[in-house]
Amino acid sequence: FPIYNSKIDGVSDIFDLNTLDGRKKYFEAKAGDKINKIKKYIKDNTFIAFLLAKKSSGKGTYTKLMIEIFGEDNIGHISVGDVIRSAYLEAQSDIGVKDLKKYMESNYRGFISVDDAIEALNEKDQKILLPTEFTLALIKREIKRSKPKVLFIDGFPRGSDQIPYTLFFKDLIDLRDDPDFFITIDTPESIIDERMKYRVICPICKNPRNIKLLPTEFIGFDNEQDKFYLMCDNSNCDKERMVAKEGDVAGLESIRDRLDNDGSLIEKVHLLHGIPRIHLRSSLLEADALNYSDEYELTREYFYTKDIDGSININTRLFKAYDDDGNNIYSLVAPPVVLQLIDQLYKILKL
């Protein structure tokens, strides 16, 4: 896959990509014409994009930026994992089960009964796997609820046996004339590892951050544990101390099977014929980085020091990692990765 060059002739400004206004000016300067043409296209047309990437590769972040650029009335993000979890919670009450069964009796066609499928959803019967047809019906219901013009489907297919379903997905959800394509994201495992090990969430608002790669405005120090921590900067949370998610400290080895499955899916999708593919690079070789990107587009890592008077200093430097072949790399922040998406989407839609 070719390397995307986000350095634009005549654009020398340094944009603050941590602010909404800064990102707006950034995308206007670097892809304004393409964005306007895509906006014009989606006024009267739609498309379906299947997001495939390893866990913690940034699928949700990139989709949120696309929604920020094109508007939530135009783009919908459907996380299949969230849809299944929502259905599970629905099935915990008698009213929820009744509504779920009513919908499935009209929309589900599979080789096990609706009752057995709901049992599998509740994991009461470990011998029965949740049927793909049941998952598709749940996705169809979610699409009808939200009615977005453009769909980003995150988390489907979940296995190689489900890839054929994506080829007929438009027909299954009655969007037969929409173009569809796969979006794959290349994220080296060393970056996934850092994102997991240093990820923290607010116990109140569940906002995720990363003490090393994406801190909040407020930093604290725990004298007893001799370590720094983040405090939530959501005004409603009153600087609540953010905590690591259970299992994250172990890093990517705790999800090794999931990573291997995701990697296998991406490889298979790259072999498909008849459906366009967008491939996004989330990092660049150290030797190439400043030739193809501006320095502010590269991820910085944060480290902290404490003065004698107790005040905390926040310091930064470029975040260095290594790719899966052991080469030194720099990670890209999210906006230049979304620039790649806009550029390739523009070409696929033949605008």
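Computed from heavy atoms alone, side chains included, the values below leave out hydrogens, waters and symmetry copies.
Note that Arg277 lies outside the cation-pi zone of Phe181, set by a 6.0 Å cut-off to the ring centre and a 45° limit from the axis. A cation-pi arrangement is absent between Lys25 and Phe15 under the rule of less than 6.0 angstrom and at most 45 degrees off the ring axis.
Other residues, nucleotides and ligands contribute at most 12 non-hydrogen atoms within 6.0 Å of the CD1 atom of Ile95. With a 6.0 Å radius and a threshold of 12 heavy atoms from other residues, nucleotides or ligands, Lys64 has its NZ atom at or below the threshold. Summarising the local packing, OH of Tyr103 is surrounded by more than 12 heavy atoms from other residues, nucleotides or ligands at distances under 6.0 Å.
A salt bridge does not link Lys7 to Glu297: none of the charged nitrogens lies less than 4.0 Å from a carboxylate oxygen. A salt bridge links Asp294 with Lys30: the closest approach of a Lys/Arg side-chain nitrogen to an acidic carboxylate oxygen falls below 4.0 angstrom. Checked for salt-bridge contact, Lys347 and Asp343 meet the test: a charged N lies under 4.0 Å from a carboxylate O. Using a 4.0 Å cut-off between a side-chain N of Lys or Arg and a carboxylate O of Asp or Glu, Asp82 and Arg85 qualify as a salt bridge. In summary, Glu28 and Arg23 do not engage in a salt bridge, as defined by a charged side-chain N under 4.0 Å from a carboxylate O. Using a 4.0 Å cut-off between a side-chain N of Lys or Arg and a carboxylate O of Asp or Glu, Asp115 and Lys101 qualify as a salt bridge. With salt bridges taken as basic N to acidic carboxylate O contacts below 4.0 Å, one links Arg141 and Glu90. A salt bridge between Lys227 and Asp222 is absent, with no side-chain N of the basic residue lying under 4.0 Å from a carboxylate O of the acidic one.
Going from atom CE of Met104 over to atom OG of Ser113 covers 12.5 Å, rounded to the nearest 0.5 Å. Separating the CD1 atom in Ile75 from the CZ atom in Phe47 is a distance of 5.5 Å, to the nearest 0.5 Å. A distance of 10.0 Å separates CG of Asn74 from CD of Glu72, quoted to the nearest 0.5 Å. The NZ atom of Lys54 sits 10.5 Å away from atom OG of Ser282, with the distance rounded to the nearest 0.5 Å. Rounding to the nearest 0.5 Å places NZ of Lys98 at 11.5 Å from OG of Ser93. Atom OG of residue Ser331 and atom CD of residue Glu194 lie 10.5 Å apart, to the nearest 0.5 angstrom.
Arg195 and Gly58 make their closest contact through NH1-N, 3.9 Å (heavy atoms, listed as atom of the first residue, atom of the second, distance). The two atoms that bring Tyr229 and Ile211 nearest to each other are CA-CD1, 3.7 Å, heavy atoms only. When all heavy atoms of Leu280 and Gln344 are compared, the closest pair comes out as CD2-NE2, 3.9 Å. Smallest separation of non-hydrogen atoms from Ser283 and Ile191: CB-CD1, 4.1 Å. Residues Gly60 and Asp154 approach most closely at N-OD2, 4.5 Å, considering heavy atoms. The heavy-atom pair separating Pro335 from Phe27 by the smallest distance is O-CE2, 3.6 Å.
Contact of the His270 side chain with the His279 side chain is registered, since non-hydrogen atoms from C-beta on lie closer than 4.5 Å. At a threshold of 4.5 Å between non-hydrogen side-chain atoms, the residues Lys59 and Ile185 count as touching. Looking at Thr184 and Ile278, their side chains never come closer than 4.5 Å, going by heavy atoms from C-beta outward. Taking the side chain as every heavy atom from C-beta outward, Ile112 and Pro131 approach each other to under 4.5 Å. In this structure the side chain of Lys320 never reaches within 4.5 angstrom of the side chain of Asn328, judged on heavy atoms. Looking only at side-chain heavy atoms (C-beta outward), Asn5 and Asn291 stay at 4.5 Å or farther from each other. Considering only heavy atoms from C-beta on, Phe50 comes within 4.5 Å of Ile48 through its side chain. With a 4.5 Å cut-off on side-chain heavy atoms, Met66 and Phe152 count as touching.
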For Arg241 and Leu230, run side chain to side chain contact (heavy atoms under 4.5 Å, CB included): C-alpha distance rounded to whole Å, both residues' side-chain angles, the deciding distance at 0.1 Å, then the answer. CA-CA 6 Å; Arg241 180 169 176 170; Leu230 300 183; over 6 Å; no
For Thr46 and Leu151: C-alpha separation, side-chain torsions, deciding distance, then whether side chain to side chain contact (heavy atoms under 4.5 Å, CB included) applies. CA-CA 8 Å; Thr46 61; Leu151 288 174; over 6 Å; no
Apply the test side chain to side chain contact (heavy atoms under 4.5 Å, CB included) to residues Ile204 and Asn236: give CA-CA distance (whole Å), side-chain angles for both, the deciding distance (0.1 Å), then the verdict. CA-CA 9 Å; Ile204 298 174; Asn236 296 321; over 6 Å; no
Give the C-alpha distance, both sets of side-chain angles, the deciding distance and a yes or no for side chain to side chain contact (heavy atoms under 4.5 Å, CB included) between Ser57 and Ile192. CA-CA 7 Å; Ser57 288; Ile192 294 174; 4.1 Å; yes
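Taken together through direct or relayed side-chain contacts under 4.5 Å among Ile, Leu, Val, Met, Phe, Trp and Tyr, Leu318 and Phe303 form parts of separate hydrophobic clusters. Under a hydrophobic clustering in which Ile, Leu, Val, Met, Phe, Trp and Tyr are joined whenever their side-chain heavy atoms come within less than 4.5 Å, directly or via other members, Met196 and Val243 fall into different clusters. Connection of Tyr198 to Ile201 is not established within any shared hydrophobic cluster, with ILVMFWY side chains joined at heavy-atom distances below 4.5 Å, either directly or through further cluster members. No chain of hydrophobic side-chain contacts below 4.5 Å, direct or via other Ile, Leu, Val, Met, Phe, Trp or Tyr residues, connects Ile329 to Tyr292. There is a path of hydrophobic side-chain contacts, each under 4.5 Å, that joins Ile314 to Met242.
A side chain to side chain contact (heavy atoms under 4.5 Å, CB included) with Ile312 holds for exactly one of Thr305, Asp307, Ile219; it is Ile219.
With hydrogens and angles disregarded, no donor-acceptor distance shorter than 3.5 Å links the side chain of Glu142 to the backbone of Leu138. With Glu68 contributing its side chain and Leu20 its backbone, the two residues share no donor-acceptor pair below 3.5 Å. Between the side chain of Thr216 and the backbone N or O of Cys232 there is no donor-acceptor pair closer than 3.5 Å. Between the side chain of Thr299 and the backbone N or O of Phe319 there is no donor-acceptor pair closer than 3.5 Å.
Phe228 and Tyr304 have tilted rings, their planes meeting at an angle from 30° to 60° on a 0 to 90° scale.
Between the side chains of Asp309 and Ser311, at least one donor N or O sits under 3.5 Å from an acceptor N or O.
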